[in-house]
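All heavy atoms count here, side chains included; hydrogens, waters and symmetry mates do not.
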Amino acid sequence: MKEKSAMITIAGRPNVGKSTLINALVGEKIAIVSHKPQTTRNRIYGIVNRGETQFVFLDTPGFHKPRTRLGDYMVDVVSRSVADVDAVMLLVEPIASIGPQEQGLIDQLRAAKMPAILVINKIDTVEKEALLEVIALYSAQYDFDAVLPISAKNKEGIDMVMAECEKYAIEGPQFFPADMITDQPERQIAAEIIREKMLWCLEREIPHGTAVEITRFAERENGILDIDATIYCEKASHKGIIIGKQGAMLKKISSMARADCERFFGTKVFLQTWIKVKENWRDSQFFIRNFGYTE
């Protein structure tokens with residue numbers, strides 16, 4: 001048998017479940033997940049090898065109206081990820097209404113004449129009869145190759161998604177080595193795990209004004225990882241909230257992040273974290289690039 005590959009973008013509005021889906025497809029947690037929108041900032045490749053076929057799934061930031069330079073970058077990532085792939089998976093919620101984000105993505109699909117699958121996520125939250133109206137609404141907007149109802153959270157319909165993606169595989173050299181599951185460097189994975197814990201532990205807008213820089217990532221002879229991380233926030237008042245009373249919040253975030261790092265890297269981790277203030281870093285091209293948000 002000859003090697004085949006398929007590169008497929010997962011696109012949708014913020015908080016629709018793109019990262020949960022890519023984690024379910026890969027079978028490992030490679031993209032951070034939270035209940036807050038705009039969790040993913042970079043394009044993340046999730047790699048699945050099945051037989052002679054390699055699937056490369058692109059997890060993209062949620063398509064939204066940007067308010068900062070970082071937001072501009074995130075939307076630009078989505079636009080470029082919809083082009084130059086074999087197909088696009090448009091992920092939507094089971095709501096019989098097409099919002100401006102979904103309409104914008106459909107317009108991009110139409111302009112690129114891109115093969116696309118409509119994936120309706122979170123079907124565990126509605127009655128099955130409600131899906132018919134959603135399917136009819138989207139099918140009238142675009143000629144999707146398939147419509148797949150799933151629950152990424154419950155891993156329901158994942159095999160069906162993989163089977164449909166198989167149709168886009170073409171013969172040719174594969175993009176990544178067989179033992180890779182993501183293109184994200186280990187430092188970036190550690191930084192994203194820490195940022196995820198802030199998204200879960202902190203309220204309101206504070207987590208969206210944070211970035212994480214890994215200043216040390218070293219493996220000892222016995223396999224233990226030493227990770228030093230600096231958390232940047234935009235205001236001095238946010239620094240106090242992140243640290244918490246007698247350091248309790250930062251300790252909680254660090255403890256949760258360390259446990260996830262140990263699960264991912266498969267070894268004991270010593271994690272140290274510090275907080276610094278960088279006002280308005282989301283509007284600074286220098287800091288956006290310095291924190292790894294660049295192609």
Side-chain angles (χ1 to χ4, degrees), residues 1-14 16-28 30-31 40-63 73-92 98 101-121 135 138-139 141-150 152 155-184 295:
M1 293 177 65
K2 292 185 178 180
E3 289 185 344
K4 295 191 294 183
S5 64
M7 186 170 283
I8 298 168
T9 290
I10 302 173
R13 70 160 63 214
V16 77
K18 297 181 296 298
S19 295
T20 303
L21 175 57
I22 200 167
N23 289 339
L25 290 167
V26 173
E28 292 278 354
I30 63 166
T40 300
R41 288 173 175 171
N42 261 331
R43 179 169 59 187
I44 296 170
Y45 289 176
I47 304 151
V48 179
N49 292 289
R50 286 198 173 185
E52 296 299 310
T53 303
Q54 182 174 87
F55 300 90
V56 181
F57 296 102
L58 284 68
D59 180 24
T60 58
F63 196 71
Y73 163 78
M74 289 161 66
V75 169
D76 188 48
V77 166
V78 179
S79 298
R80 284 182 282 112
S81 297
V82 171
D84 299 324
V85 292
D86 297 307
V88 171
M89 219 184 287
L90 178 60
L91 195 64
V92 302
I98 298 178
Q101 295 100 326
E102 287 83 8
Q103 190 61 58
L105 286 165
I106 289 171
D107 291 344
Q108 287 190 36
L109 294 175
R110 188 177 292 113
K113 299 180 180 177
M114 180 64 64
I117 304 168
L118 179 69
V119 180
I120 305 172
N121 192 25
I135 292 168
Y138 277 94
S139 297
Q141 281 289 312
Y142 196 75
D143 185 18
F144 292 98
D145 293 346
V147 178
L148 308 177
I150 70 161
K155 296 182 172 60
E156 182 183 345
I158 298 303
D159 287 340
M160 183 171 56
V161 171
M162 290 299 302
E164 194 63 37
C165 290
E166 180 83 45
K167 299 175 182 178
Y168 300 107
I170 55 176
E171 287 187 8
Q174 297 182 342
F175 299 99
F176 298 98
D179 59 348
M180 281 185 68
I181 60 169
T182 181
D183 68 321
Q184 297 295 288
E295 289 291 310

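- Rounding to the nearest 0.5 angstrom, the gap separating the CE atom in M89 from the CG atom in D145 is 11.5 Å.
- A search for side chain to side chain donor-acceptor pair (under 3.5 Å) contacts involving Q103 returns D107, Q141, not counting sequence neighbours.
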| query | When you look at R13 and E102, which way does the salt bridge (charged side-chain N to carboxylate O under 4.0 Å, His left out) test go after all the steps? | reply | CA-CA 7 Å; R13 70 160 63 214; E102 287 83 8; 2.6 Å; yes
| field | Stepwise side chain to side chain contact (heavy atoms under 4.5 Å, CB included) check, L90 with L105 | value | CA-CA 8 Å; L90 178 60; L105 286 165; 3.8 Å; yes
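- The side chain to side chain donor-acceptor pair (under 3.5 Å) check on Y138 picks up nothing, with sequence neighbours excluded.
- Here the shortest heavy-atom pairing between S139 and V147 reads OG-CG2, 4.2 Å.
- Atom CD1 of I47 sits about 9.0 Å away from atom CE of M7, to the nearest 0.5 Å.
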| L21 and I158: side chain to side chain contact (heavy atoms under 4.5 Å, CB included), yes or no, with the steps? | CA-CA 8 Å; L21 175 57; I158 298 303; 3.7 Å; yes
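- To the nearest 0.5 Å, atoms CD1 (I106) and CE (M114) are separated by 14.5 Å.
- Taking each heavy atom of Q54 and P177 in turn, the nearest pair found is NE2-O, 4.0 Å.
- Residues satisfying the ring-ring contact (aromatic ring centres under 6.0 Å, His included) criterion with F144, sequence neighbours excluded, are Y142.
- Between the side chain of D86 and the backbone N or O of I8 there is no donor-acceptor pair closer than 3.5 Å.
- Judged by distance alone, the side chain of Q174 and the main-chain N or O of K4 form a donor-acceptor pair under 3.5 Å.
- In this structure, L91 and N121 approach most closely via the heavy-atom pair CD1-CB, 3.8 Å.
- Among residues two or more places apart in sequence or in another chain, the ring-ring contact (aromatic ring centres under 6.0 Å, His included) test is passed with F176 by Y45.
- Contact record, V161 with L148: CA-CD1, 3.8 Å, taken as the closest heavy-atom pair.
- Among all heavy-atom pairs drawn from L25 and I10, the shortest one is CD1-CD1, 4.1 Å.
- Applying the side chain to side chain donor-acceptor pair (under 3.5 Å) test to K167 and every residue at least two apart in sequence or in another chain returns E164.
- Contact between A152 and A24 at its shortest, heavy atoms only, is O-CB, 4.1 Å.
- Separation of atoms CD1 (I22) and OG1 (T182) is listed at 7.5 Å; rounding is to 0.5 Å.
- Qualifying side chain to side chain donor-acceptor pair (under 3.5 Å) partners for S5, counting only residues two or more places apart in sequence or in other chains: none.
- Inter-residue side-chain proximity for M160 and P149 is flagged as met; some heavy-atom pair is nearer than 4.5 Å.
- I181 is not listed as a side-chain neighbour of N49, based on a closest heavy-atom distance of 4.5 Å or more.
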